There are 2 protein chains.
Amino acid sequence: MKARVRLPDRKSRVTLTEVAELAGVSEITVSRVLRSKGPIAEATRDRVMEAVRAVGYVPNKIAGSLASADSNLFGVVLPSLSNIVFPEVLQGIHAGLARTGIQPVVGVTDYNLETEEALVRSLLAWKPAAMIITGSEHTAATRKMLVESGIRIAELMDIDPVPIDIAVGLSHRQAGYDTGKHLIARGYRRFGYAGLDPRSDIRARIRFEGLVAALSDAGLSLQDKVLADVPSSTLVGSATTARLLAENPNLDVVVYPNDDMAVGGVFHCMGAGISVPENLAIFGFNGLDIGRALPKPLSTVRSNRFRIGQTAVEQILETSIRPDRPTVVNTGYEIFEGATA
Amino acid sequence: MKARVRLPDRKSRVTLTEVAELAGVSEITVSRVLRSKGPIAEATRDRVMEAVRAVGYVPNKIAGSLASADSNLFGVVLPSLSNIVFPEVLQGIHAGLARTGIQPVVGVTDYNLETEEALVRSLLAWKPAAMIITGSEHTAATRKMLVESGIRIAELMDIDPVPIDIAVGLSHRQAGYDTGKHLIARGYRRFGYAGLDPRSDIRARIRFEGLVAALSDAGLSLQDKVLADVPSSTLVGSATTARLLAENPNLDVVVYPNDDMAVGGVFHCMGAGISVPENLAIFGFNGLDIGRALPKPLSTVRSNRFRIGQTAVEQILETSIRPDRPTVVNTGYEIFEGATA
DNA sequence: TTCTGATATGACAGCGCTAACATAATTCAA
DNA sequence: TTGAATTATGTTAGCGCTGTCATATCAGAA
């Protein structure tokens, strides 16, 4: 006799076994019906489906994944959710995942690489089918885990460094450089920069370096910069602009790490009676809706966050085997002239 | 002899067994070390941890969850990610989940109850420890699944209807009503509304009803409303405002379903030379950063999205057993006077 | 009639881990 | 010294499902 020790009440009482008994078939047949796998007689399928409905069966993917060694989960690691950019990437990921049955498991690092490492470790424990992570800067341990996981890895936003497997995004150095070139071509000469702590947003720092390089190549240099050591926001954009202009009333253009900050700059000017772009030009980054909606649309660089997320998923779904050589997808950017620079 | 049929190469080759062999202990001991469960000799722990590092072991939570019947996953169902409100809720959820080891699995419904049903079904298959879902309006099947899952269920944003288990949010009817009362008290009489298709955002509709009720109680009525059948955005706010004012040049206040739209209204006025609030008052909902940063801060109602997410998690973690009677947490709202109304 | 090849279903083992219950080793009071 | 209590580790049997390899059934061909 088989003495079964019953474990204390488990959450799901209804298992394949019960459905199978009710339908008068074996468990594996129920399993096959539910996964539409293998040949099933029409009558059997109907009986099974009826039983499923009758007992309110909800399959247990945990057990399923363990048995079949694939998980239908994607790990997603984002630095932040308060910066609208990343929810937009997440939207793209969702769009790419639609009708695949794959669910994203989301983690947030707060721009901290140690947190990222812990997060990656714990996400990998779910044996995700793939991992989508922001940026290419990781701790050695993170990188090792990602490499050795064997699953597909997409590193988003930046395509300058060589990725582990897939990179989707744009060249931030180039974007920064082009910003500088564009503004110089439009006649601006006295550049200011109102930004954030360069340690938090690496890509903003790289764009900044590109900008400085463009100025330098044109024989110019940045007149001044003000950096705030707080999260990005429109309010901070106003405040840093105020500080920058207080010290440098003669600037003719201010560049920002993103549109939130730049819109804050515009608002400051409105309040201070500085006419944009006649007295001061303003230039952002991202191409957010809010900038476009301003009475004078914000001049900026359009990154394509949604497309980055979506493309990453598409690339991953292309093949489940990691190719020998990394894949780099440039989703590009466009300078949007707007009316503020 | 035990004839083992080896399955085709699985993703993770390193299992507890290998770690155990290398450390010269049994599997369960390794398991206990990794989960810090039960008494373990210092020396054993060290040997095990060394072995774990040596082979680069990543635990398999799928197997662990199956064995222990708990998952350390929370299902999170949001209607949208393009509306900044929901990423903020998600942030709150993340904050509440920090250092619990619980990961959220996120699904997006696009405000569609059928999609929601499919999503809930597929999230429940991961046997999450709890489910966080937006709103209280679900299909009958969704509700049934949630009720019968036995896990804790938090329904966010709205506390007017009776929840399945936990509701966290605010009374949108009351918020709408208070908006009306507040504006009437400030002397406004000729009300317009520039909103969206009421089918998509149920809570906006309820606020609208509250507003209308307040007007009615004061012997007033809404002069006109314009509804756009597209997703909310600042640009749409400008456009609907333009349409509304074209037909009703005599309005003295326009109320919006959210701040994005309201900011669009402000921008329209700036462009059209309408001075706010002297010629036209503008009133939003949410209390977003962007509204606060305007040269004239937007008058609005502050909902507390972050706190809603965080509180929901706290409530769920309170106890894993669903109490007999539903819990309702009112995270409240505050009317923010601003400078536009 | 026998055989072939589809079509339909089932038996069985095992995915990698943990709960529950041993068992072994150690400590310490009586 | 002995037994009880305490600490440390091991054995066993699953968790609920799916892969693999039978087995059974039934056309239609030879």
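Worth saying up front: this structure is predicted, and the values here are computed from it rather than measured. Per chain, numbering begins at 1; letters A, B, ... match sequence-line order.
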Can you find a side chain N or O atom of [X] that sits less than 4.0 Å from OP1 or OP2 on [N]?
| X | N | result |
| --- | --- | --- |
| A:S68 | D:dT18 | no |
| A:Y57 | D:dC17 | yes |
| A:S31 | D:dT18 | yes |
| A:K37 | D:dG19 | yes |
| A:T44 | C:dT9 | yes |

Considering only side-chain heavy atoms of [X], which listed nucleotide, [options], is closest?
| X | options | result |
| --- | --- | --- |
| A:L66 | D:dG16, C:dC17, D:dG19 | D:dG16 |
| B:T29 | D:dG14, D:dG10, C:dA11 | D:dG10 |
| A:T15 | D:dT18, D:dC15, D:dC17 | D:dC17 |
| A:L16 | C:dT9, C:dC17, D:dC17 | D:dC17 |
| A:V25 | D:dC17, C:dA8, C:dG10 | C:dG10 |

Looking for any heavy atom pair under 4.0 Å, which part of the strands does [X] touch: base, sugar-phosphate only, or nothing?
| X | answer |
| --- | --- |
| A:K61 | nothing |
| B:I40 | sugar-phosphate |
| B:R35 | sugar-phosphate |

- Can you name the one residue among A:V106, A:V76, A:T134, A:V108 that meets side chain to side chain contact (heavy atoms under 4.5 Å, CB included) with A:F86? A:T134
Please give, in whole Å, the distance from [N] [atom2] to [X] [atom1]?
| X | N | atom1 | atom2 | result |
| --- | --- | --- | --- | --- |
| B:I28 | C:dA24 | CD1 | P | 18 Å |
| A:I62 | C:dC17 | CD1 | P | 14 Å |
| B:E27 | D:dT9 | CD | C1' | 13 Å |
| B:E21 | D:dT9 | CD | P | 18 Å |
| B:R47 | D:dA8 | CZ | C1' | 12 Å |
| B:D70 | D:dG16 | CG | C1' | 15 Å |
| A:N60 | D:dT18 | CG | P | 9 Å |
| B:K127 | D:dC17 | NZ | C1' | 12 Å |

Which atom pair, heavy atoms only, marks the closest approach of [X] to [Y]?
| X | Y | result |
| --- | --- | --- |
| A:T100 | A:G96 | CG2-O, 4.0 Å |
| A:I151 | A:P128 | CG2-O, 3.5 Å |
| B:R152 | B:P323 | NH2-CD, 3.1 Å |
| A:V162 | A:P326 | CG1-CG, 4.0 Å |

- Message: Using 0.5 Å steps for rounding, measure from the CG atom of A:L73 to the OG atom of A:S65.
- Response: 6.5 Å
- Item | Polar pair under 3.5 Å, donor/acceptor by atom type, side chain B:R32, base D:dG10 | yes
